[in-house]
Amino acid sequence: MAASLGLHCHHFHVAAAAANPLRKAAKQLLSSLILKSSKPHHHHYNNIHCCCYDSVGAKEIRSPDLVALEYADLNLSDKISGEWGHVRIRQHVNPLSSSFTVPAQVPDWKEVFRDPTLPLMVDIGSDLTFSFSRAMRSFPVLYKGMWQVKFPGSGRFLIWLAKRNPDSGNYLGLEIRQKLVMRAEFWVKELALTNIHFLFANAAISFRQLVLTYPGPLMLVSILCPDPHFKKRHHKRRVVQKTLVDNIISHLVPGGKVFFQSDVLDVAQHMRNQFDAESDALQHIDELDPSVPCDNDGWLLDNPTGIRSEREIHAEFEGAKIYRRLYQKRT
């Protein structure tokens with residue numbers, strides 16, 4: 001799928017087909033066993049569709065087990081309980097607060113990347129989930145034994161890509177939660193990776209200056225399961241706003257791509273509206289390749305990166321649908 005979507009673009013090639021077939025088969029079998037041993041429950045509230053599973057025969061299996069299996073190649077389990085351990089974070093932060101309006105300091109690219117001229121992928125956010133407990137308070141009808149655990153992302157998604165592609169691209173993770181940045185950077189040092197860097201930064205404030213100073217081309221921007229900020233008065237806090245979209249388009253090289261996904265339809269539709277409005281500059285991937293599988297509403301059926309994000313794994317475990325779009329800048 002990664003190859004058919006062209007995400008490699010001669011760069012950022014994700015060798016999904018070359019991954020260990022036994023590990024892939026094991027993951028598929030484990031997921032299949034979980035789904036077969038669980039009962040789905042569907043709920044609707046304020047146009048939000050939710051589906052959760054009550055475990056019947058596999059109580060010992062949790063979505064973190066699937067995350068560990070997906071990212072087993074990184075061998076980070078022993079490091080999680082090390083210097084940083086379990087990092088407690090706020091599930092939502094207000095990016096408009098004064099503490100997040102200071103631009104991030106532009107790093108010396110020669111110090112953070114072995115070759116700062118390689119094509120760059122920027123991941124906005126660290127694939128964090130929203131707080132299920134807060135969602136229960138906002139949508140109390142949803143609570144009935146569901147959404148009882150909070151699972152933060154950690155940067156594994158970007159680290160996995162960087163490790164798989166050490167010589168073809170650089171990877172920059174922008175995250176607004178500083179503790180996650182510190183732990184991710186600890187893992188990068190442990191793995192001795194020289195093509196990835198995490199920055200404590202508000203993308204809405206710092207994205208333009210960071211990519212403007214980067215010596216190489218910006219080839220790919222990903223936005224995976226961003227904070228939903230459900231309340232209408234908080235929609236202005238969502239990361240994808242016109243200014244950020246304009247900056248992404250301005251600095252992407254022709255043929256560069258934007259990939260986003262969310263398990264919350266309202267959030268995904270909000271992002272889609274922003275990027276669909278730029279049809280003069282962007283094309284959705286199925287316009288370029290009609291063979292790319294999408295559903296009737298134009299959402300990609302598969303993740304084109306070759307690896308599922310942490311939130312994606314948790315959401316699919318709960319029975320949620322992932323809404324994805326992939327755009328390419330016109331040449």
Side-chain angles (χ1 to χ4, degrees), residues 1-7 16 31 35 40-53 123-125 127-130 135 138-139 141-142 146-147 157 220-232 234-235 238-242 244-246 248-249 252 256-330:
M1 186 60 190
S4 66
L5 288 182
L7 262 188
S31 298
L35 294 179
H41 298 273
H42 298 268
H43 305 266
H44 294 269
Y45 185 74
N46 281 5
N47 295 322
I48 296 178
H49 171 260
C50 299
C51 174
C52 64
Y53 285 82
D123 181 49
I124 296 175
D127 181 36
L128 284 146
T129 73
F130 60 93
S138 300
F139 309 103
V141 72
L142 297 180
M146 64 182 295
W147 288 3
F157 169 79
L220 177 61
V221 176
S222 62
I223 308 169
L224 309 182
C225 301
D227 285 346
H229 297 292
F230 286 112
K231 296 179 181 179
K232 188 172 182 179
H234 291 163
H235 284 187
R238 290 179 173 176
V239 65
V240 176
Q241 304 291 344
K242 180 169 174 51
L244 180 62
V245 172
D246 289 345
I248 290 173
I249 294 173
L252 270 180
K257 291 180 170 63
V258 182
F259 172 57
F260 72 74
Q261 68 180 25
S262 176
D263 56 306
V264 181
L265 177 58
D266 179 64
V267 175
Q269 191 63 57
H270 171 84
M271 294 190 285
R272 179 175 179 171
N273 292 343
Q274 298 280 340
F275 287 105
D276 279 358
E278 305 298 333
S279 58
D280 288 346
L282 299 173
Q283 290 177 283
H284 192 255
I285 198 67
D286 62 344
E287 296 178 39
L288 298 167
D289 183 0
S291 68
V292 173
C294 296
D295 66 15
N296 293 334
D297 295 318
W299 300 107
L300 288 177
L301 294 180
D302 298 302
N303 184 326
T305 65
I307 185 76
R308 292 186 299 168
S309 71
E310 293 177 62
R311 174 59 199 158
E312 187 176 355
I313 296 168
H314 294 310
E316 289 183 338
F317 178 80
E318 294 153 9
K321 177 177 178 178
I322 307 297
Y323 302 92
R324 310 177 181 92
R325 297 279 285 178
L326 176 66
Y327 299 86
Q328 179 171 305
K329 185 174 180 179
R330 295 181 184 273

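Treat the numbers as computed from the prediction; the structure is a model and nothing was measured.
Nearest heavy-atom pair, S309 versus Q261, reported as atom, atom and distance to 0.1 Å: OG-NE2, 3.4 Å. The minimum heavy-atom distance between H284 and C294, with the atom names listed, is CE1-SG, 4.2 Å. Residues I285 and K257 come closest through the heavy atom pair CD1-CE, 4.2 Å. The minimum heavy-atom distance between L252 and L220, with the atom names listed, is CD2-N, 4.0 Å. In this structure, V239 and L244 approach most closely via the heavy-atom pair O-CD2, 3.3 Å. Taking every heavy atom of both residues into account, S262 and C225 meet most closely at CA-SG, 4.0 Å.
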(request) Begin with the C-alpha distance, continue with both residues' side-chain angles, and end with the deciding distance and a verdict on side chain to side chain contact (heavy atoms under 4.5 Å, CB included) for F259 and R324. (result) CA-CA 7 Å; F259 172 57; R324 310 177 181 92; 3.9 Å; yes

(request) Decide yes or no on side chain to side chain contact (heavy atoms under 4.5 Å, CB included) for Y323 and V267, but give the supporting numbers first. (result) CA-CA 9 Å; Y323 302 92; V267 175; over 6 Å; no

(request) Output, in order, the C-alpha distance, side-chain angles, deciding distance and verdict of salt bridge (Lys or Arg N to Asp or Glu O under 4.0 Å) for K321 and D295. (result) CA-CA 12 Å; K321 177 177 178 178; D295 66 15; 2.6 Å; yes

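A distance of 11.5 Å separates CD1 of I322 from CH2 of W299, quoted to the nearest 0.5 Å. Atoms CD1 and CG, on I249 and L282 in that order, are 4.0 Å from each other to the nearest 0.5 Å. In this structure, CG on N303 lies 4.5 Å from CD on E312, to the nearest 0.5 angstrom.
Side-chain atoms of F260 and I124, non-hydrogen and from C-beta on, never get closer than 4.5 Å to each other. Under the 4.5 Å side-chain criterion, counting only non-hydrogen atoms from C-beta, R272 is in contact with Y327. At a threshold of 4.5 Å between non-hydrogen side-chain atoms, the residues D263 and H314 do not count as touching.
The pair E318-R311 meets the salt-bridge criterion, with a side-chain N (NZ, NE, NH1 or NH2) lying under 4.0 Å from an Asp/Glu carboxylate O. Contact check on E278 versus K242 returns a salt bridge, with a Lys/Arg side-chain nitrogen under 4.0 Å from an Asp/Glu carboxylate oxygen.
Screening V258, D276, L300 for a side-chain contact (heavy atoms from CB on, under 4.5 Å) with R325, the sole residue that qualifies is D276.
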